[in-house]
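Notes for the one structure printed next.
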2 protein chains.
Amino acid sequence: MLLSKSCIYALRASVLIASKKNDGFITIRELSDELNISFHFLTKVLQEMTKAELLESYKGPNGGVKLARPANKITFMDVVESIDGNYMINECVLGLPGCGVMKPCALHDQWSVLKTDIINMMNEYNLEAIAKNRELQRSFERKSAQLANL
Amino acid sequence: MLLSKSCIYALRASVLIASKKNDGFITIRELSDELNISFHFLTKVLQEMTKAELLESYKGPNGGVKLARPANKITFMDVVESIDGNYMINECVLGLPGCGVMKPCALHDQWSVLKTDIINMMNEYNLEAIAKNRELQRSFERKSAQLANL
DNA sequence: GTATATTAAGATAAAATAGTCTTAATACCA
DNA sequence: TGGTATTAAGACTATTTTATCTTAATATAC
């Protein structure tokens, strides 16, 4: 698995937040219900995002969480790093300590190319774009469901 | 982490076996010593590779394990699948069940491209090639260490 | 101020992964 | 046949990840 479950939850939740064109706070309960994720677990995950200053939180009635920056200023990578750290960037596929340009492992060069692509994608893709794509995919899905029912 | 530790151990051990141009059996003890991996744990991992028919094993004196096929007939992917299963192929980055062409998640298309590259690399790269590359990397490392000592 | 809504934090439990230890099975050799 | 080397298998432990539950802190509204 490339990303931990916590990280996947963080991504899904933040994309959902981004897709709600809503300046106000959204309760974690609403997110956990919609995403079918345990409320308490999601709370913890989003707490980490809050600490990483990707989210802002507010307690009490009308409280909840919201993006700390415009959705197009939060990258896929920002979210991944806030939860899983930057393991992806400096970790060797074979888990060898010190693997790098000066002491490459047998898979270093081949993996570097792929890793660079993944990192670039994560850096270039942001929550706004992902949320837009999500809407696109969902409307496509609805249409093909309609077609299937003809 | 892309690959589990068990899988990484399997890869490292099988590359080491491939790099020993030796038709006979190699003891797991020798492998575990050289790779600094717990003997018992490596034994279990290699047992799975034996079950998957990537390795042959033999008990008793002069026993051990060896590749069941020529090193260039065992791909990176073979080893990964024998330990971690084929999760990489059919799993969604966002962990969504049913994610696919007909019901793509928000990251499906972007991830598909990267995933295909990873899968291709794993299918094309085999133990012989990795072992050769390992030797190359090691000699490079030795040379740069010499240069550093001038 | 009191009741209520909400996130924060901590304690605990469950599950998955990683690692160790012991015993069994098998093969060789003398 | 008996002793030794080796993988196979199972029991057990430890660690990490995931999940749940409880309590605390904070904000609102009446």
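So you know, we letter chains A, B, ... as the sequences are listed, proteins then strands, and number each from 1.
Under 4.0 angstrom from either OP1 or OP2 of dT28(D) there lies at least one side-chain N or O belonging to Y58(A). Side-chain N/O atoms of T50(A) include none lying less than 4.0 angstrom from OP1 or OP2 on dT7(C). A sub-4.0 Å separation between OP1 or OP2 of dA18(C) and a side-chain N or O of S38(B) is absent. Note on Y9(A): a side-chain N or O is less than 4.0 Å away from OP1 or OP2 of dA19(D).
For K5(A) and dT20(D), the NZ to C1' distance is 14 Å, given to the nearest whole Å. For F41(A) and dA15(C), the CZ to C1' distance is 12 Å, given to the nearest whole Å. Between K59(B) atom NZ and dC29(C) atom P there is a gap of 17 Å when expressed in whole angstrom units. In this structure, the NE2 atom of H40(A) is 14 Å from the P atom of dT6(C), given to the nearest Å. E56(B) places its CD atom 16 Å from the C1' atom of dA8(D), with the value rounded to the nearest Å. Rounded to whole Å, the distance from CD on Q47(B) to C1' on dG19(C) is 14 Å. Straight-line distance from the NZ atom of K66(B) to the C1' atom of dT6(D): 16 Å, rounded to whole Å. To the nearest angstrom, C1' of dA9(C) lies 13 Å from CD1 of I28(A).
Among the nucleotides dA27(C), dA18(C), dT7(D), the one closest to the side chain of T27(B) is dT7(D). The nucleotide whose nearest atom lies closest to any side-chain atom of F39(A) is, among dA8(D), dT28(D), dT7(C), dT7(C).
Remark on DNA chain C: of its neighbouring residues N62(A) and K51(A), the 5'-side contact belongs to N62(A), judged by nearest-heavy-atom nucleotide. Of the two residues near DNA chain C, K44(A) and V65(A), the one whose nearest nucleotide lies more 5' is V65(A). Across the interface with DNA chain D, nearest-nucleotide mapping of I26(B) and P61(A) shows I26(B) to be the residue nearer the 5′ end.
With N86(A) contributing its side chain and E81(A) its backbone, the two residues share no donor-acceptor pair below 3.5 Å. Side-chain N or O atoms of K115(A) include one that pairs as donor or acceptor with a backbone N or O of I89(A) at under 3.5 Å. Side-chain atoms of D78(A) come within 3.5 Å of backbone N or O of T75(A) as a donor-acceptor pair. Distance alone, capped at 3.5 Å, is enough to place a donor-acceptor pair between the D84(A) side chain and the S4(A) backbone.
By the 30° and 60° cut-offs, the orientation of the rings of F41(B) relative to Y9(B) is perpendicular.
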